[in-house]
Amino acid sequence: TADHLQLFFTSTRPDRGMFFKTEQLVQEDIYTALFNQGKWTTPTKIKSLSEQRGHDACVGISEDGQMMFVYKGTNGGDLYTSDLAGTEWGKVKSLPFNTTGFEGAASLSPDGKTLYFIHTSEIAGDRDIYTSTRTLGGKWSKPIPLQSINTKYDEESPFIHPDGKTLYFSSKGHSNMGGYDIFRTTRNDDGSWTEPENLGYPINSTADDVYFVLAANGLLGFYSSDKEGGYGKQDIYIIKLNKNNDYALELLTGEVRDETGKAIEADIMVTDNSTNELIAKFRSNSENGKFLVSLPCGKNYGIHIEKDGFLFHSENAQLECQVGFIEVNKNIQLMSAHAGAKTILNNIFFDSGKSVLKNESFPELQKLVNLLQSNPSIRIEISGYTDNSGDEASNLILSEMRAQEVMDYIVNKGISKTRILTKGYGSSRAVSTNETESGRKLNRRTEFKIL
């Protein structure tokens with residue numbers, strides 16, 4: 001996973017003793033291990049994904065560990081998906097672009113929209129990297145080859161980094177040291193890819209080096225190799241990379257729970273505040289409430305955590321590309337929709353000292369409009385707050401004007417004015433220190449409360 005705390009892998013270790021006579025190999029099964037207190041736990045087989053006959057291989061995992069791409073040796077080799085529900089992996093589903101040829105080794109982009117995978121029309125043919133895009137409705141497009149990356153030799157195991165633009169893959173072509181070598185390429189703003197770069201020694205060898213996966217922070221790499229010095233056949237290796245591998249993204253992790261501390265399976269919506277485009281949709285785990293969202297740099301993101309019967313919770317993420325990697329852990333408590341429940345609207349924006357709403361505020365305000373439309377009996381208070389810069393009288397007026405501006409937007413969307421009370425509190429009721437800019441930013445906020 002992107003936080004490098006859980007490993008999924010494929011093994012032919014003979015713990016069930018079923019051999020293929022033609023291959024003299026034990027069947028492939030899927031295993032997992034957790035990184036806990038500085039060491040890996042004993043691997044356990046995922047029995048629900050490891051059938052009694054045939055090869056079952058994990059050939060890709062979503063960044064949050066909630067969706068697995070499974071290879072089965074059916075029909076020449078096909079790709080399947082399985083979703084994690086709590087602690088149980090669901091029944092595998094065949095991807096619609098499987099053919100009578102070979103499909104394998106898949107990697108999903110951080111927004112969940114683009115799948116990079118291996119395909120060849122003939123089982124023993126030239127393996128190439130293909131991509132397919134998915135709509136928010138879940139339909140996959142016709143796959144197309146990555147022409148500028150593929151060679152007349154085999155390509156294998158593509159991995160798109162959580163930054164959304166750095167692609168790692170293995171190839172027997174390009175500038176090769178022997179067997180499969182691992183390469184890196186970066187997608188430019190115009191959609192083209194840079195010349196693939198061989199990662200070189202000591203990662204690559206004259207043996208087959210494949211399935212390279214890099215943690216979101218760019219510091220820990222995992223891959224498989226049959227190089228000399230291993231235990232036998234393909235072994236898993238870990239390597240620490242130099243810190244000059246700069247990947248610009250925010251990794252947002254945490255847990256979603258209710259007021260009693262019970263884990264909640266909630267929808268997590270990621271919106272581009274500048275365009276009001278819904279970028280991605282995820283879910284927290286129903287068993288432990290955990291979530292992980294990767295947010296590549298360069299956008300103003302609105303993150304909304306939603307569950308029927310609860311007030312939505314919002315977060316904002318804006319990362320400049322020169323900042324690099326940031327990991328943020330936030331445990332979210334969703335408040336049930338009852339009198340007195342309140343939440344901060346973290347994606348409401350005003351220019352400094354002004355009360356005119358910026359356009360980036362509109363996606364979040366629409367969430368509030370939707371809530372009021374779905375609950376016609378609810379009355380709310382819109383509360384405005386400032387930091388302690390300037391005199392308090394001016395701060396009080398500014399906070400009242402901002403609350404009024406929010407109400408005006410909601411009323412213009414058809415919500416009755418009688419259902420909304422506005423109140424400005426100035427710099428009172430601070431939620432953080434006013435001694436730092438980050439603290440003052442938290443104090444400059446807009447809240448709503450159910451009356």
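Under 3.5 Å, the side chains of Ser50 and Asp56 contain no donor-acceptor pair of N or O atoms.
Put simply, the side chain of Asn443 gets close to the backbone of Val431: a donor and an acceptor are under 3.5 Å apart. Asp209 contributes no side-chain N or O that, together with a main-chain N or O of Asp181, makes up a donor-acceptor pair within less than 3.5 Å. In this structure, the side chain of Asn316 engages the main chain of Tyr301 through a donor-acceptor pair within 3.5 Å. The main-chain N or O of Ala33 is never found under 3.5 Å from a side-chain atom of Thr41 such that the two would form a donor-acceptor pair. Of the possible donor and acceptor atoms, none in the side chain of Thr271 sits under 3.5 Å from a partner among the backbone N and O of Asn273. In this structure, Asn176 contributes its side chain and Ser171 its backbone to a donor-acceptor pair below 3.5 Å. At least one donor-acceptor pair closer than 3.5 Å links the side chain of Lys227 to the backbone N or O of Ile203.
Between Phe183 and His174, the ring planes lie tilted relative to each other; the angle falls in the 30° to 60° range. Between Phe117 and Phe97, the ring-plane angle classifies as parallel under the 30° and 60° cut-offs. Relative orientation of the Trp40 and Phe222 rings is perpendicular, given thresholds of 30° and 60° on the angle between their planes. In this structure, Tyr31 and Phe9 have parallel ring planes: the angle between them is below the 30° cut-off, well short of the 60° mark.
Taking a 6.0 Å sphere around NZ of Lys72, one finds it holds more than 12 heavy atoms contributed by other residues, nucleotides or ligands. At most 12 heavy atoms of other shown residues, nucleotides or ligands fall within 6.0 angstrom of atom NZ in Lys290.
Judged as a disulfide (SG to SG under 2.5 Å), the pairs with a partner in residues 268-324 (not counting sequence neighbours) are, in order, Cys297-Cys321. Screening residues 68-142 for disulfide (SG to SG under 2.5 Å), with sequence neighbours left out, gives no hits.
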Check step by step if side-chain hydrogen bond (donor to acceptor under 3.5 Å, both in side chains) holds for Thr87 and Glu287.
CA-CA 7 Å; Thr87 59; Glu287 181 72 17; 4.9 Å; no

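Lys152 and Asp126 are not joined by a salt bridge, as no carboxylate oxygen comes within less than 4.0 angstrom of a charged side-chain nitrogen.
In this structure, Arg127 is positioned above the aromatic face of Phe102, its NZ or CZ under 6.0 Å from the six-membered ring centre and within 45° of the axis.
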